[in-house]
Amino acid sequence: MAKYILNRLLVAILTMFVLTTATFFLLRLVPGDPFAGPKVIPEIKERLRIHYGLDKPLAEQYLIYMGNILRGDFGYSLAKRGHRVNEVIKDAFPQSLDLGIRAMITSIIFGIFFGIIAALNRGKPLDYLTVVLVLIGISVPSFVVAALLQYFFGVYLKILPVARYDTFWHTLMPSFALSLGTMAVLARYMRASMLEVMTADYIKTARAKGLRNTQIVIHHQIRNALFPILTILGPAIAMVLTGSFIIESIFAIPGLGRHYVLAMQNLDYTLVMGLTLFFGFFLIVMNLLVDFMYGIIDPRVRYTRK
Amino acid sequence: MYVIPENKGGGNIIKHKQQLFTPLDHSEKIESVLETETIAFWSDVWRRFRNNKPALIGIIIIFIFVIFAIIGPLMVPYQYDKVDLFSTYKNPSGVHWFGTDALGRDIWCRVWTGARVSLFIAIVSALSQMVIGIIVGSISGLSGGKIDMIIMRFVDILIAIPFLIWVSLFMLVMGPGILSIILAFSLTQWKGMARLVRGETLRLKETEFAIAAKSMGASTWRLIRKHIFPNVLPVVIVSTTFQVTNAIFGEAFLSYIGLGIQPPMTSWGKLVASGIAEMRSFPFMLFIPAIFISLTMLSLQLIGDGLRDATDPKLRQ
Amino acid sequence: MDNEKLLDVKNLTISFHTYIGEVAAVRNVDFYLKKSEVLAIVGESGSGKSVSTQAILGLTPIPPGEIKSGKILFKNEDLLKFDEKKMSKICGSQISMIFQDPMTSLNPTMKVGNQIREVLHQHTDIIRRVSRERTIELMTLVGIPEPEVRINQYPHELSGGMRQRVMITMAMANRPDILIADEPTTALDVTIQSQIFRLLKELRTEFETAIILITHDFGVVAGIADRIVVMYAGKVMEEGETEQIYYKPRHPYTAALLKAVPSLVDNEKKKLRTIKGTPPFLLNIPSGCPFTDRCDYAMRICQEKEPQYFQFEDNRRVFCWLYHNQAAEQFQRFKDREGKLQ
C-alpha cells in the first residue's frame, strides 16, 4: 500500500512538472502582443516588458517562473494591470468551488438514483425513459442546455435570475446545467454496473440463501455496483471543471472558468498559465484523493495493494 | 451377465415395423453442428447493428445532414457572408427559411455552411487522431519495455489534464482557424486510442495465433496487418465514432470562447454563440443551430452505442 | 401421495428464449429424492442437470427462461406455485445450494462471517451476539481453521477449498432437509475435492440432510451417491441405484460415460476412452433419441421415434429402444460387447 501511494505521488509530481514546463513554453510561442493597442506608446511598452520580466532570456524567465511556482506564486496578470494571479484565484475560486460542489452532488445523487431505477426496471418504460434522458444529457452540449434554461426560466417565464451568483436562486440554473452531462454519464455507468452485478453468481447465492429481492438489491447489488462508479469520479470532476468554463461565462459568474475564458480572449498569458496550472494541480490532487479513497473502501483493492 | 429383464412398467408396448430395429449405419448418422460458430464475425456485427433501430435512425440523420451540408447553401439565392443591412433580424419565412442575423445574412445558408465546417473538422480530426493513436499504440504495445513505459507515462500526463485545456493552449499558440483546430485536436486527443490499441496489442501478442504466426517466421508488419489489426478494428471504429462527437463539441466550445472559427466564416458552435447573444430578442437564432448540433451529437452517440453493442464479444451469445 | 419422497420433480420442461430461437434445456424430466438420501445427477455440460436443479430453488432466470410444464413437489407442496415470499422461506433454510465456483459465488465485498450470519438472521430470530458464536461454531464444524480470524476476512483472502467450506457453512447453517451441490469441486484441485466430498458425507450422517449432487464426472459419485440419474440433452437417460448403474449400465450412453472414467485399477496403458461427437444443439430437437448420432447401437427407430421409458426392478428405468422386445438382435450385440467390458 505504501509503495502504491508513493508511486502515485511520484507520477502526480512528474505530471505537474511537465504541465508547468509545457504551459510555459507553449505560451511563449503565442504570436499576439499583450501590450498591443493604439494608445500604448513604444516607450511604455518597453517599460512594461521590463517590468514583467519579458526582456530576459527565455531560460532565465523559465527558471524564475519555476522558482515562483514552487513558492506558490503565479505572478501578475498582464491584462488586469497590477492584479496578481493569486488574488484572482483567491477571489474567484470560492464561487467556482461552490458551483462545482453543487453540480457534483446533484449529478452523483441523481445519476446514481436514475441508474438504479433504470436497472431495476430493465426493459420497462421507466428504463427506456431514463435511457433516453441519459442520451439527451450526454449529447446536448452544456452551453445549449444552459442557454435554453436561461431563455425559458429567465427570459420567457422570468422566474429565475438570468445571471450572476448571489442567492440560492442564482445557483439553481448554473448548477443544474453544469451537472447534467456528468449526471447522464454516472447514470449510464450505474445502470451498466447494476446489470452486470445482477448476473453475478453471488446474487444467485443470495437468492439461494432465501434473501428477499429488496434485500438482495440493497445489501448485495447496489453495494457492489457502486464500487466501479468510484473509478469514474476523477473524470467526472474533470468534466465538471471544464464544463464550468462555459457555464460561468454564460451565467456571468465571476469564477475561475470565466476568468480563464476571458484571459484567453485577452491573450493574458500569465493568467492563462496560472489558471491552467491551478486547474491541473487541482485535478491531480482530486484524482489522487479519489484513488486513495477507492483503495480504502474496496476490500479487493485494499488486499492486492498491501 | 445380462438377462433381458422383465419389463415392469411397459404394459402398453406398441409393436413397430420390424425393419425399424435394424442397426443404423455410421454414414446415416448426422453430426450435429453448432450453428452459432458458423456465423462470421462481421456479418454477425452487421446483423445486430441492422436490428438496432436507434443506430439506424442516427445514420439516416447524419446522412441527411451531410447531403444538406453539400447542397443546402446552393438551394437559396444568398451567400453565407452576404451582408444585407436592409433585412436584419428577419424571422424565418418563405424568403429566408431560417431567418436572418444581425447583419442580414441568411441563416439557412449559414447553418449548412457551418455544417460543412463543423462536420469537416470533426471527421478529419477524428480520423487523424485515430491514425496517430494506432501508430503510437502499436509501437508502444509491440516494443514493450522502456519505450512502452515512456510512451504510457506521456499518455498518463496528457490524460491528467482535460482535453479542452490542452486544446485551448494549442489554439492560443497557433491562432484561430480550421487548420489550427484540426491540429489541436489531433495532437492532444490520440491518447485514448493509443491506450486502446496498446492494450489490445499486448493482449493479442500473447494469444496463441500470434505466437504461432511468429514461430512460423511471420514478419512484425505481417503480424500487425494480418492478426492484430483485424482484431483491434472493432474497438478502433467505435472509439473513433465517439471522437467525432468530442470534436464537434470541442469546435463549438472553441468557437464560443472566440478561439475557433473567425468571422465571416461560420460553424455550428459560432452560430450557437451568436444565438446566445441574441436570444433575448430573437430566440430562433439560438434554437435553430442548437437543434442541429444536438441532433448531430445524439445521432453520433446512437451510432457509436450501436457499433459498440454490435461488436462487443460479451454480448455475442 | 408418496410420503417417503421428500422431493418429487415431475414432468419438468424448461426452455430458454434466445435470439436464435427457443432452446429446450430440460424436457419432461422426472426424478425424486428420499429423506437423507444422496442422489447424483450425472451428465455432460448442457445436459440440463443444472437447469433442472436451479428450478427447485426458483433460480431459473425468467426471462429468458420459461418453465413450460411440470411440478416440483417438496413435502407434497408444489414449489413452482410458491410466490417470492414463500419461496424465500424455503431457500437457505429447508433447501440450500452450493455452486461450482466458490470465488464468484461469494460476495467479494462482504466479510465471509457476515455472509454466513446473513443466512442465520434471515431464517431465525437469533440475536447478533449469538449469531457470531454460532457462525464460529459452524465454521469449526466444516473444518475451517481459526474461524475467529476467518470471520473477518474477505473471500479473496481465502483459498479455493476454504471458500467452498464457507459456502457449505452457509448452506448447512439452518440444517436444511436438502442440500443441492452443483459441481461443488469442479473448480478445485483433486486433493481438495476428496476433502470436500468427505465433508459432505460427514454432514449428511450428522444432520441427515438429503443431498443432490450434480456432476459431469462419474468417478466422483461412486463413493457418495445412493442413486444416480443420468441426463443427456435435457432428458433423463437412465435412473437407478449406484451399484446397478455402475456394474450393469443399461443405457449405451451410461456405458460410454463409465468407460470414459479413468481407472486406477487398470494398470495397462489403456487409452482414455471418449465419446465421439457432441451433444445435439437443443435448438432443433432431434425427432428420435438425442443420443442416436453418437450411439454405437443405434437403430433406425432411434432416429425416428423417441423411445419410451422401460421400467425395471427397484425403480430402475431406461430411455432406450434396445429394451423393446423387437430389438432383441441389437440388444444381444450390446450385451456381448458391454458385458465383457465390465
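Computed from heavy atoms alone, side chains included, the values below leave out hydrogens, waters and symmetry copies. A, B, ... follow the sequence lines: proteins, then strands. Residue 1 opens every chain. Bear in mind the structure is a predicted one, so any value in this text is a computation, not a measurement.
Both the backbone and the side chain of Leu298(B) come within contact range of chain A, judged by heavy atoms closer than 4.5 Å. Within the 4.5 angstrom heavy-atom criterion, atoms from both the backbone and the side chain of Val140(A) approach chain B. For Leu286(B), the part lying near chain A is the side chain, with the backbone staying farther off; criterion is any non-hydrogen pair under 4.5 Å. Using a 4.5 Å cut-off between heavy atoms, Thr245(B) does not touch chain A at all. Residue Phe152(A) touches chain B through its side chain alone, counting heavy-atom pairs closer than 4.5 Å. The part of Phe279(A) that comes within reach of chain B is its side chain, from C-beta onward, which places non-hydrogen atoms under 4.5 angstrom from that chain. If you measure heavy-atom distances from Arg188(A) to chain B, the contacts under 4.5 Å come from the side chain alone. Of the two parts of Ile250(A), the backbone and the side chain both hold a non-hydrogen atom closer than 4.5 Å to a non-hydrogen atom of chain B.
The choice from Thr15(A), Asn287(A), Val261(A), Leu283(A) that makes the most heavy-atom pairs within less than 4.5 Å of chain B is Thr15(A).
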May I have the list of side-chain donor-acceptor pairs in residues 169-186 of chain B shorter than 3.5 Å, sequence neighbours left out?
from: Ser180(B); atom 1: OG; to: Gly175(B); atom 2: O; distance (Å): 2.8
from: Ser186(B); atom 1: OG; to: Ser128(B); atom 2: OG; distance (Å): 2.7
from: Ser186(B); atom 1: OG; to: Ile182(B); atom 2: O; distance (Å): 2.6

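No close placement of the Phe143(A) and Phe253(B) rings is indicated, their centers lying 6.0 Å or farther apart.
Between Thr23(A) and Trp166(B), the closest side-chain pair of non-hydrogen atoms is not below 4.5 Å. A heavy-atom distance below 4.5 Å is found between the side chains of Ser294(B) and Pro141(A). When side chains are defined from C-beta on, Ser168(B) does not count as touching Phe245(A), because their heavy atoms never get closer than 4.5 Å. Between Ile293(B) and Val144(A), the closest side-chain pair of non-hydrogen atoms falls below 4.5 Å. Side-chain contact check for Leu148(A) versus Phe287(B): some heavy-atom pair is nearer than 4.5 Å. Looking only at side-chain heavy atoms (C-beta outward), Leu254(B) and Met264(A) stay at 4.5 Å or farther from each other.
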Checking Ile161(B) against Leu19(A) for the side-chain contact (heavy atoms from CB on, under 4.5 Å) test, could you report, in this order, the C-alpha distance in whole Å, the side-chain angles of both residues, the deciding distance, and whether it holds? CA-CA 8 Å; Ile161(B) 310 301; Leu19(A) 176 69; 3.6 Å; yes
Can Ile165(B) and Tyr260(A) be said to form a side-chain contact (heavy atoms from CB on, under 4.5 Å), step by step? CA-CA 10 Å; Ile165(B) 292 183; Tyr260(A) 191 59; 3.5 Å; yes
Could you go through Ile136(A) and Met297(B), starting from their C-alpha distance and side-chain angles, then the distance that decides it, and tell me whether this counts as side-chain contact (heavy atoms from CB on, under 4.5 Å)? CA-CA 9 Å; Ile136(A) 292 173; Met297(B) 298 277 279; over 6 Å; no
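With values rounded to the nearest 0.5 angstrom, Ser139(A) atom OG is found 9.5 Å from Leu295(B) atom CG. Taking CD1 of Ile276(B) as the reference point, atom CD1 of Ile246(A) lies at 8.0 Å (rounded to 0.5 Å). Rounding to the nearest 0.5 angstrom, the gap separating the OG1 atom in Thr242(A) from the CZ atom in Phe249(B) is 7.0 Å.
Around atom CG of Leu129(A), more than 12 heavy atoms belonging to other residues, nucleotides or ligands sit under 6.0 Å away. Other residues, nucleotides and ligands place no more than 12 heavy atoms under 6.0 Å from the CZ atom of Phe120(B). When the shell of 6.0 Å around CZ of Arg50(B) is examined, it contains more than 12 heavy atoms from other residues, nucleotides or ligands. Counting non-hydrogen atoms of other residues, nucleotides and ligands closer than 6.0 Å to OH of Tyr189(A) gives a total of 12 or fewer. For Phe153(A), the CZ atom sits in a loose shell: 12 or fewer heavy atoms of surrounding residues, nucleotides or ligands are nearer than 6.0 Å. The number of heavy atoms from other shown groups lying within 6.0 Å of CZ (Phe49(B)) is above 12.
A distance-only check finds no donor-acceptor pair linking the side chain of Gln301(B) to the backbone of Leu135(A) [under 3.5 Å].
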